[in-house]
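In what follows, a single structure is set out as structure tokens and then discussed.
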Amino acid sequence: MQWNIDSERPVYIQLIEQIQAGIVSGYFNPGDKLPSVRELAAEAGVNPNTMQRALAELEQTELVYTNRTSGRFITSDIGIIKKLKKQSANNIIVEFIEKMKQIGYQEDDILECITKILEEMRK
Amino acid sequence: MNPILECKSLTKIYSGFTALSDVNLTLERGRIIGLLGPNGSGKTTLLKLINGLLVPDSGSIQIEGKKPGVETKRIVSYLPEKTYLADWMKVSQVVEFFHDFYENFNPKKAYDMLTDLKIDPEKHLNTLSKGTKEKVQLILVMSREADLYCLDEPIGGVDPASRDYILNTIINNYNENATVLISTHLIADIEKVLDEVIFLKDGSVTLHSSVDDIRVAESKSIDSLFREVFKC
Amino acid sequence: MLGKLMKHELNATLRLLAPLYIALLFMSLINRFIFQLNIQEGILMFFTGILMFVQIVLIFAILIATVLIMIIRFYKNLLSDEGYLMFTLPVNTHQLIISKLVITLFWLIISIVIVLSSLSITFLTADNAGLIINEIKNIPDRLSVTFGDNSLTLVIELILMILVGAVSNIMIVYASIAIGQLFSKHKILASIISYVVIYNALQIILLIAIVILSFIVTGNINFTNVLPQMFFPIIIAITLLTGLGFYMITNGIFEKKLNLE
């Protein structure tokens, strides 16, 4: 997986976002076993403590769980993943709408624009 | 929690020039810490004091509760900026040397890393380039299972691919008991790997904080903050 | 740890001296055969001259090299960049100094043995062997006559005096190098000046000490007649003390005043 961490924002927050993105995109499948903290940290090029913190937070939101003997896993709960997908989709849409508004589009224009482009993409 | 390093009012003066002034510092275990500051700020002096290569003029310095000496040298692994290996030796002979003197040295790890970096152990050190010699030194230092690693500019003279490998090695070497203290100018390359940073200016500690706290408080990278603080 | 340091020291210096030793012994063998041929005239005599010259050069080279290696090795391994490695090993300064002292003494002895062997190989025959052995046998008796006392005691004292003297001299060299290191500029010059000053000062002090002692013991300052039995032991004691003194200076500098560039 391509990790894109910048230095301006706290790393652990970015790690949470990127792991969430991984789950949503299907890179991480439900029930997948995660590599060890050290391996993940090395892959991402970040401090293991920071990766640990990110994973701990993900456990809080139940996207990830730890089995004491066998390690860390992505949740198998499809419901939670669906919720995450929906949340991600909403974030993208909100961001999109705000950007469109910034370049001057009104709400009706935005809808029209989307419909037209979707048609073209079908061809 | 027993800290791995404790400096209390540590002062070191070289014929009129104060290299370190009243430094108070505590380093906890299981952290990767950046020691940042411009040239002449006292970074190398601090590292030398930790390793018993200098004696304090006043104040104290303790590694795991002990003054620098034979016992602390067993558990501190030091990578100086210099090439400190004897040129006439072969790489394999230097590995043997470290194995001989350091109980916690892991030769297999060293040989694995030499292979990864495509360094031939049968070569004599004086036939290797400066960059390769530096890599050999780093491999030797990281192949010890120490409690405190002191790395002085570990990625300075090295190409980007090797830089990644080295940072990767530092991450993979991590264990909750050991601390890595990295002294460097190349902050941008290294800040994602750091837990904490220490800013050293004219022999005094001006900042010692976790990296995330700084990013949240200042909304900028450590690199940017450094440039601000140490503007010429 | 001391053993390991000595082993390493041996390895590092062997590769420098061994070739010279081998060359000399080889040359000695060649010259032995040449001498047996007993060439008296012509161009060949010119060649035998050159070969003999080479052997002499090698002998001097070995003696000079042994001293140079001792000095350079001490400086390079402990006070140049390699010092960063040596002084961060889990060993104390005593071990660092003693390992070098012992191995240096070792090579001094070996070099002398090799030189004597070389001369024996070239010149020793059944005839002159007998003469030489006789001369050697006479030494204890001659000593006895000059210095009074038991000849065996004197031989032992003589050997002891040479050994202690060697150790003390090595320590003076080491101390000079360590003192030179205290200066931030012109370290090598400082070392050389230290050595010259110390060496000459010691000669003077030794002389004064012997004169005073002989005066105290016999009221007479003409010490060559007086206290023959005490002569060697006094020198041994003084040399031992100076050796010890310079050892402590060297160790003290390494422990408290080390400042690698």
Side-chain angles (χ1 to χ4, degrees), chain B residues 12-17 19 44-45 47-57 63 67-90 93-94 96-105 124-125 133 136-137 140-141 144 146 148-150 152, chain C residues 1-19 69 72-100 103 178 181-187 190 251-261:
Chain B
K12 180 67 187 171
I13 305 176
Y14 294 117
S15 51
F17 169 69
T44 304
T45 303
L47 291 177
K48 282 188 184 176
L49 283 162
I50 294 173
N51 286 282
L53 293 171
L54 287 176
V55 171
D57 285 309
I63 294 107
K67 272 169 55 168
V70 178
E71 286 310 311
T72 65
K73 288 173 188 177
R74 278 192 229 283
I75 56 171
V76 179
S77 192
Y78 178 40
L79 178 71
E81 244 193 299
K82 317 247 163 193
T83 328
Y84 65 176
L85 300 173
D87 255 355
W88 57 271
M89 291 175 98
K90 289 197 286 190
Q93 286 176 303
V94 196
E96 197 46 51
F97 182 87
F98 267 66
H99 191 29
D100 224 5
F101 281 96
Y102 293 111
E103 261 178 49
N104 52 25
F105 181 75
H124 287 268
L125 286 171
K133 269 192 266 200
V136 171
Q137 281 184 189
L140 291 167
V141 169
R144 278 184 60 200
L148 176 62
Y149 297 87
C150 295
D152 201 348
Chain C
M1 280 298 165
L2 182 59
K4 292 180 189 173
L5 283 171
M6 291 201 286
K7 182 181 86 173
H8 178 68
E9 203 51 36
L10 207 59
N11 272 334
T13 46
L14 179 71
R15 55 182 247 286
L16 299 165
L17 285 170
I69 287 172
I72 296 177
R73 172 89 193 140
F74 191 78
Y75 178 76
K76 188 158 183 275
N77 185 246
L78 294 179
L79 298 173
S80 75
D81 288 351
E82 278 182 54
Y84 279 89
L85 177 61
M86 301 309 288
F87 279 101
T88 51
L89 290 175
V91 299
N92 59 41
T93 46
H94 295 289
Q95 290 164 320
L96 288 170
I97 299 172
I98 293 175
S99 59
K100 293 201 156 39
I103 299 298
Q181 196 262 160
L182 292 174
F183 296 82
S184 45
K185 287 192 274 190
H186 309 302
K187 291 181 189 206
N251 191 56
I253 292 176
F254 283 171
E255 259 181 24
K256 304 261 164 65
K257 292 280 173 193
L258 189 67
N259 186 10
L260 300 171
E261 280 306 304

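Bear in mind the structure is a predicted one, so any value in this text is a computation, not a measurement. Within every chain, numbering begins at 1; the chains are lettered A, B, ... in the order of the sequence lines, protein sequences first and strands thereafter.
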Indicate yes or no: at least one non-hydrogen side-chain atom of [X] is less than 4.5 angstrom from one of [Y].
{"X": "C:Met86", "Y": "B:Tyr84", "result": "no"}
{"X": "B:Val70", "Y": "C:Val91", "result": "no"}
{"X": "C:Leu85", "Y": "B:Phe98", "result": "yes"}
{"X": "B:Tyr102", "Y": "C:Leu89", "result": "yes"}

Checklist entry - Pick one: which of B:Met89, B:Gln93, B:Glu96 meets side chain to side chain contact (heavy atoms under 4.5 Å, CB included) with C:His8? => result B:Met89
Checklist outcome for this item: Heavy atoms of B:Lys73 and C:Pro90 approach each other most closely as CB-CA, 4.0 Å
Next on the checklist: Closer than 3.5 angstrom, by distance alone: can the side chain of C:Lys4 be matched with the main-chain N or O of B:Phe101 as a donor-acceptor pair?
Outcome noted: no
Item to check | Under 3.5 Å donor-acceptor, B:Lys82 side chain and C:Glu82 backbone | outcome: no
Next on the checklist: With a 4.5 angstrom heavy-atom cut-off, is it the side chain or the backbone of B:Thr83 that approaches chain C, or both, or neither?
Outcome noted: backbone
Next on the checklist: Using a 4.5 angstrom heavy-atom cutoff, name the option from B:Tyr14, B:Phe97, B:Tyr78 with the most pairs to chain C.
Outcome noted: B:Phe97
Next on the checklist: I need the B:Ile50 CD1 to C:Thr88 OG1 distance, nearest 0.5 Å.
Outcome noted: 13.0 Å
Item to check | Atom pair CD (B:Glu81) and OH (C:Tyr84), whose distance is rounded to the nearest 0.5 Å | outcome: 9.0 Å
Checklist entry - B:Ile75: what forms a side chain to side chain contact (heavy atoms under 4.5 Å, CB included) with it, not counting sequence neighbours? => result B:Ile63, B:Glu64, B:Asp147
Checklist entry - Which residues in residues 253-261 of chain C have a heavy atom less than 4.5 Å from any heavy atom of chain B? => result C:Glu255, C:Lys256, C:Leu258, C:Asn259, C:Leu260, C:Glu261
